[in-house]
Amino acid sequence: MLDKVHVFIATTEGLVPIVQVKPRVGQTAVSLATIGGTSKVASIISGYRDFVSKVSSPLPGYFPERAYHLVLGKNIDQGESWQLGVAIAHLLQQQSRLGNGEVAYADQVIIATGEIDFVSTEIKMISHLAQKCMSARRTVTEMQQMNCRVEFIVPSDNYRQPLPDIQWPLSPVDSMADLERLLINKGVIPATNEITQAAGPSDRQIAIGQNMSRAINSFNQGLGATYTLARSLMGKHARQVSFGMGMALLLAFMYWVFPLQPDTITLTYTHKSLGQCALAEPTQIAFDATAIAVLPELELSQLCSIDITLPNDVNTVWLVADSYALIPLTPNPENALTWQVPIPSWQQADRNYTLMTFTESLDESDLQSLSAYLLSLHEENQLVSLESLSLWASKQEISSQFIQQTLLFEDTF
């Protein structure tokens, strides 16, 4: 028997548990929404009746019965952002997996906030998301301490808004189809034809696929130039071959997808002299500012500093480490075009990092989105790669360029 999944609606007054969803029988039955174990009617009853009615609902496949009784743990006074949580609860009720809101050790929990467009079934941007997160902070922390699996689902459009400093990732969805894919991937609902909204890819995914297909055709036509570019990007350093031909082909592919820019990137680094950084002299190397730039490998134990000078249109730089760490970089106070790369503290193996550079100014919500994505890669035992980072940027509709470098561990024994 599959575990129950508890569903909570995030509000500005805290989390509201969905205690129960059950069909109401009888030809004259109408849908009902009440509070707790009482007969007190919830304030959302009018909107709920329209939401679950086969005549007016945007999601008729979610509500096969004539009428329902929704029981909330406490009242929701205003707004429509209860719709996403209620839709999820009805999906779970169909699968006999809806919990009662009484969370126990290691339970699975879904927290949701979002309003559903009645025409397109897209998830609309909501107000006061930061306040809802802050109001939920204590309860979510308690759930995490109970080793619960918590999925906090929010509209994708809200990732353009500032968010508070919270200690859990948010899962963005932009449509009901997107939501269903998320729940299927998490094993919450089955991937069957009975799930009405998850029939196929979204228009945006189709467009991305078409663009990628055109890029692949261009790549095949230019295979000779591709090989030459891959050879040049691999460089003459023998250790750089460790990236593998796969990496070289990926770099060449991205070359055809993203045309070269006329700007340059300058790598400035210092190596110890006589074992000391105080005597180090800087070395500078300039590169074309391509969509993907691979910097030469450097000996980790001898490094004193790494600085990258970027084109003047770069506004934001994030470092993604091979350890799944995400570090926002800040420009040099004396030169706004130069960004200092931190030297890894653990140096007992080769270390790799990727710089993601953006011409637009990103905010804390974007940072949290990528942090959550990196956490999911770690949980799924997937390595951080250019492909995975490109997929994240594409999903967020953010343009990014990439800089990669390997720092070599030299075993002296």
Side-chain angles (χ1 to χ4, degrees), residues 229-244 247-248 250-251 254-255 260-359 383-386 389 400-412:
L229 176 67
R231 288 286 301 273
S232 65
L233 288 175
M234 294 296 283
K236 298 180 180 180
H237 302 281
R239 289 294 296 273
Q240 251 180 298
V241 177
S242 62
F243 274 105
M247 183 58 152
L250 174 61
L251 295 173
M254 295 300 289
Y255 165 76
L260 290 173
Q261 303 297 319
D263 296 311
T264 60
I265 298 169
T266 301
L267 166 67
T268 303
Y269 66 93
T270 55
H271 265 171
K272 293 177 182 177
S273 179
L274 300 177
Q276 298 182 25
C277 287
L279 304 176
E281 293 291 334
T283 299
Q284 285 192 343
I285 307 175
F287 303 84
D288 287 329
T290 56
I292 300 175
V294 178
L295 305 183
E297 296 172 343
L298 299 175
E299 188 176 345
L300 183 56
S301 63
Q302 297 301 310
L303 271 177
C304 297
S305 66
I306 301 176
D307 292 284
I308 307 290
T309 302
L310 300 172
N312 57 14
D313 61 345
V314 172
N315 191 286
T316 304
V317 180
W318 292 345
L319 183 148
V320 181
D322 51 10
S323 61
Y324 304 93
L326 175 59
I327 305 172
L329 302 187
T330 55
N332 189 318
E334 299 178 359
N335 183 354
L337 303 181
T338 299
W339 308 72
Q340 184 176 36
V341 177
I343 306 297
S345 57
W346 189 75
Q347 303 185 358
Q348 301 307 306
D350 290 358
R351 300 301 308 274
N352 302 289
Y353 70 86
T354 301
L355 297 184
M356 301 181 68
T357 70
F358 310 91
T359 56
L383 297 178
V384 178
S385 66
L386 281 177
L389 296 177
S400 175
Q401 292 183 304
F402 302 90
I403 302 171
Q404 285 202 319
Q405 187 171 36
T406 296
L407 307 178
L408 300 175
F409 167 67
E410 297 290 344
D411 195 342
T412 57

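Heavy-atom basis, side chains included; hydrogens, waters and symmetry copies ignored. Residue numbers count from 1 along this sequence.
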I'd like to know if the side chain of [X] and the backbone of [Y] have a donor-acceptor N/O pair within less than 3.5 Å.
X: N352; Y: D322; result: no
X: D350; Y: L408; result: no
X: T270; Y: S305; result: yes

Determine the minimum heavy-atom distance between [X] and [Y], stating which atoms define it.
X: V384; Y: A321; answer: CG2-O, 4.1 Å
X: H271; Y: E299; answer: NE2-O, 3.7 Å
X: W318; Y: P328; answer: CD1-CA, 3.7 Å
X: S301; Y: Q347; answer: CA-OE1, 3.8 Å

Minimum side-chain heavy-atom gap [X]-[Y] below 4.5 Å:
X: L383; Y: S385; value: no
X: P282; Y: D307; value: no
X: I343; Y: L300; value: yes

Quick one: [atom1] on [X] to [atom2] on [Y], what's the gap to the nearest 0.5 Å?
X: L303; Y: K272; atom1: CG; atom2: NZ; answer: 9.0 Å
X: Q405; Y: L407; atom1: CD; atom2: CG; answer: 5.0 Å
X: F287; Y: T266; atom1: CZ; atom2: OG1; answer: 9.0 Å
X: T316; Y: M356; atom1: OG1; atom2: CE; answer: 11.0 Å
X: Y269; Y: Q302; atom1: OH; atom2: CD; answer: 12.0 Å
X: L326; Y: T354; atom1: CG; atom2: OG1; answer: 11.5 Å

Discussion item. Evaluate L319 against L355 for side-chain contact (heavy atoms from CB on, under 4.5 Å), listing each step before the verdict.
Written reply: CA-CA 5 Å; L319 183 148; L355 297 184; 3.8 Å; yes
Atom pairs and distances, donor-acceptor, side-chain atoms in residues 330-337, under 3.5 Å, two or more places apart:
| from | atom 1 | to | atom 2 | distance (Å) |
| --- | --- | --- | --- | --- |
| N332 | OD1 | E334 | N | 2.8 |
| N335 | OD1 | L337 | N | 3.1 |
| N335 | ND2 | T338 | OG1 | 3.0 |

Worksheet item: Which residues satisfy the ring-ring contact (aromatic ring centres under 6.0 Å, His included) test with Y353, sequence neighbours excluded?
Response: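 ring-ring contact (aromatic ring centres under 6.0 Å, His included) list for Y353, sorted by chain: empty.
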Fill in: Audit row: I308, L329, side-chain contact (heavy atoms from CB on, under 4.5 Å) steps and yes/no
CA-CA 11 Å; I308 307 290; L329 302 187; over 6 Å; no
